[in-house]
Every structure is written in structure tokens, then in C-alpha cells.
Amino acid sequence: MSETNAAAENLRQGIERIERLEEEKQALADDIKDVYAEYKAQGFDAKMMREVIRLRKMQPHDRQEMQSILETYLSALGME
């Protein structure tokens, strides 16, 4: 019976830990949203800021390859 209680306590602790982390994650998401709003108020384009952040996460080679493919597609469609 004590093994069942220990397992239940362990599960409860795990659930509470996840709940705290979810709260922290939401707080961080709210902070990030506030930063985007701050920079948007200064005249920056939030959508482009997100794109720059996405590109910065990529490896340089992957970013170059993506750019090359994009240029090929645009050229094929007469957009360049």
C-alpha cells in the first residue's frame, strides 16, 4: 500500500511541476509579446522581426540553401 502512496505522491509532484512550468512558459510568452508590441510602437515590423529570429536560428548553410531555392522559384515565376 505504501508503494501505491509513493507512486501517487510522485505523480502529484510531477503534475504540479509541469503546471508551474506551463505558468512560467505563459509568462515568458507574454513577455515576448510585450517586446514585439514595444518595437512595433517604435515603427518596426513585428512579422519581419519574427522572420529574422527564425532565420538566425538556422545554420548558415541551410539558410543559404533556402535562399537559393527561393530565388530559383521566384525566377521561374517571373517575379525577379
Side-chain angles (χ1 to χ4, degrees):
M1 186 70 81
S2 70
E3 286 182 25
T4 303
N5 290 341
E9 177 64 18
N10 190 28
L11 176 61
R12 185 190 60 74
Q13 289 175 354
I15 296 296
E16 289 175 354
R17 184 175 173 198
I18 291 169
E19 288 172 340
R20 282 191 303 275
L21 290 170
E22 288 290 341
E23 288 173 4
E24 291 175 23
K25 183 170 75 169
Q26 184 59 53
L28 288 172
D30 291 343
D31 290 347
I32 290 169
K33 184 177 175 182
D34 291 345
V35 172
Y36 279 117
E38 176 185 335
Y39 278 83
K40 184 176 181 179
Q42 295 178 31
F44 292 98
D45 186 319
K47 184 177 179 180
M48 288 298 107
M49 290 177 65
R50 285 183 179 87
E51 182 67 14
V52 169
I53 291 167
R54 186 183 72 79
L55 292 170
R56 285 174 53 113
K57 289 179 183 178
M58 295 174 74
Q59 293 294 320
H61 176 267
D62 294 335
R63 194 169 47 245
Q64 291 168 350
E65 181 180 351
M66 184 191 73
Q67 184 65 32
S68 176
I69 293 169
L70 178 61
E71 288 172 5
T72 301
Y73 285 16
L74 291 174
S75 178
L77 295 171
M79 296 176 68
E80 269 198 16

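Computed from a predicted structure; not experimentally measured.
Note on residues 7-20: pairs passing side chain to side chain donor-acceptor pair (under 3.5 Å), not counting sequence neighbours, are E9-R12, E9-Q13, R12-E16. The stretch residues 59-70 participates, sequence neighbours left out, in these side chain to side chain donor-acceptor pair (under 3.5 Å) pairs: Q67-E71. Among residue pairs with one or both ends in residues 16-38, none qualify as ring-ring contact (aromatic ring centres under 6.0 Å, His included); sequence neighbours excluded.
With sequence neighbours excluded, no residue forms a side chain to side chain contact (heavy atoms under 4.5 Å, CB included) with A37. Shown here are the side chain to side chain contact (heavy atoms under 4.5 Å, CB included) partners of E23, two or more places apart in sequence or in another chain: there are none. Remark: E22 engages K25 in a side-chain hydrogen bond (donor to acceptor under 3.5 Å, both in side chains) (not counting sequence neighbours).
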If you look only at distance, which donor and acceptor atoms sit under 3.5 Å apart when one is on a side chain in residues 38-52 and the other is two or more places apart or in another chain?
unit_1: D45; atom_1: OD1; unit_2: K47; atom_2: N; d: 2.9
unit_1: D45; atom_1: OD1; unit_2: M48; atom_2: N; d: 3.2
unit_1: E51; atom_1: OE1; unit_2: R54; atom_2: NE; d: 3.3
unit_1: E51; atom_1: OE2; unit_2: R54; atom_2: NH2; d: 2.6

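In the hydrophobic clustering, where aliphatic and aromatic side chains (Ile, Leu, Val, Met, Phe, Trp, Tyr) are joined below 4.5 Å either directly or transitively, M58 groups with L55, M66. As a member of the Ile/Leu/Val/Met/Phe/Trp/Tyr network built from side-chain separations under 4.5 Å, Y73 groups with I69. L11 shares a hydrophobic cluster with I15; the chain of contacts runs through ILVMFWY side chains whose heavy atoms sit under 4.5 Å apart. When hydrophobic side chains of Ile, Leu, Val, Met, Phe, Trp and Tyr are connected at separations under 4.5 Å, M79 ends up clustered with L70, L74, L77.
Distance check: L28 CG to K33 NZ gives 14.5 Å after rounding to the nearest 0.5 Å.
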